[in-house]
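Atoms considered below: every heavy atom in the structure, side chains included; atoms not considered: hydrogens, waters and symmetry mates.
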Amino acid sequence: ACGLVLAGAAGLVLPQPLQPVAAAASAAVAANPELAAAVLRYERGQFGAARRAFERLARQGVPAASHNLAVMHLRRELPGASPRQAEALFRRAAKAGFLSAQFALAQGLETGQFGRPDLVQAHDWYEQLAEAGSVPAVSYTHLDVYKRQVVAGCDGLVEPLRRLAV
C-alpha cells in the first residue's frame, strides 16, 4: 500500500545550483593566496589556468581546490568532464570536512547527478551536516526521510510530486 501523504509536497526543498568557492566568501581562500589566485582565474573565465592551479592544490590536500574542480566537472568547464570524477573530488573534500563539498555530495547522491541515486548515503551526509549546524541540511534530512517512506510503496509518484513542488 502506498503511504503517500500529499500534505507537505509543496514544501519540498530542491537542490540549489552548485557554486565554486568565491574569493570573497571563503575562509579557505583567504588563508591560501595560491587558492585565491586560482579562484580569481576561474572568475575571469581562465578555466585552463584555474584547473591547473586547483589540481596542484588538490594534490597538496586543499579541500576547497578539490571542491572547485568537482564543480568545474559538473558544469562541463573542463575537457573530458565527468560526473564520476566530480563525485570522487567532492568525496575527497567532504571527507576532509569541507562543508560545501559535503552538501554538494549529498545533493548529487540524492538526485543521481553522479549516476544512480543513493538516498542512504545522501541521508548520511545530510545528517553529518545537520549535526555540524547546517540549517539547509536539516530540511534535506527530513525530506530524505519523507522520500524513503514514500518510495516504499509509491515508486512512480515521487518524481511527479517533486516536479509539482517547483
Side-chain angles (χ1 to χ4, degrees), residues 12-145 147-148 158-159 162 166:
L12 295 178
V13 181
L14 300 175
Q16 301 299 312
L18 287 168
Q19 298 295 324
V21 175
S26 171
V29 172
N32 187 325
E34 194 175 348
L35 181 60
V39 170
L40 191 57
R41 287 184 193 107
Y42 176 86
E43 290 174 345
R44 290 181 178 159
Q46 300 168 348
F47 297 141
R51 185 196 90 232
R52 287 186 296 278
F54 289 144
E55 286 174 343
R56 184 174 51 258
L57 290 163
R59 282 191 301 273
Q60 295 171 10
V62 177
S66 294
H67 171 273
N68 286 356
L69 277 173
V71 171
M72 292 178 78
H73 273 277
L74 287 181
R75 289 182 172 182
R76 305 225 176 269
E77 295 169 334
L78 302 172
S82 158
R84 296 279 185 201
Q85 184 62 26
E87 178 184 8
L89 289 161
F90 278 136
R91 195 173 293 279
R92 180 187 314 158
K95 286 180 178 178
F98 197 71
L99 297 180
S100 296
Q102 290 175 355
F103 199 78
L105 179 61
Q107 284 183 326
L109 291 166
E110 177 193 1
T111 62
Q113 198 167 24
F114 311 127
R116 187 179 180 128
D118 187 333
L119 293 181
V120 173
Q121 277 194 54
H123 175 77
D124 290 346
W125 283 107
Y126 286 136
E127 199 167 72
Q128 185 173 330
L129 280 158
E131 289 171 5
S134 169
V135 173
V138 171
S139 63
Y140 275 83
T141 301
H142 293 299
L143 170 63
D144 183 51
V145 169
K147 283 171 62 177
R148 276 204 245 167
V158 174
E159 193 54 38
R162 203 178 165 94
V166 177

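One distance of note links CD of Q46 with CG of L40; it measures 7.5 Å at 0.5 Å rounding. Atom CG in L105 sits 10.5 Å away from atom CD in Q113 (nearest 0.5 Å).
Considering all non-hydrogen atoms of both residues, P83 and L74 come closest at CA-CD2, 4.1 Å. The shortest heavy-atom contact between F98 and P63 is CB-CB, 3.7 Å. Of all non-hydrogen atoms in A53 and A38, the two that sit nearest each other are CB-CB, 3.5 Å. When all heavy atoms of A64 and L35 are compared, the closest pair comes out as CB-CD2, 3.6 Å. The minimum heavy-atom distance linking G97 with Q102 is given by the pair CA-NE2, 3.6 Å. In this structure, S66 and A93 approach most closely via the heavy-atom pair CB-CB, 4.0 Å.
The stretch residues 91-107 participates, sequence neighbours left out, in these salt bridge (Lys or Arg N to Asp or Glu O under 4.0 Å) pairs: E87-R91. Note on residues 30-41: pairs passing salt bridge (Lys or Arg N to Asp or Glu O under 4.0 Å), not counting sequence neighbours, are E34-R56.
The side-chain heavy atoms of F54 and V62, taken from C-beta on, include no pair separated by under 4.5 Å. In this structure, the side chains of N68 and L57 stay at 4.5 Å or more apart for every pair of heavy atoms. Side-chain contact check for H67 versus L89: every heavy-atom pair is 4.5 Å or farther apart.
In summary, of the residues considered (E77, R51, Q85), a side chain to side chain contact (heavy atoms under 4.5 Å, CB included) with L69 occurs for R51 alone.
Relative orientation of the Y126 and F103 rings is perpendicular, given thresholds of 30° and 60° on the angle between their planes.
Between the side chain of H73 and the main chain of S82, a donor-acceptor pair closer than 3.5 Å is present.
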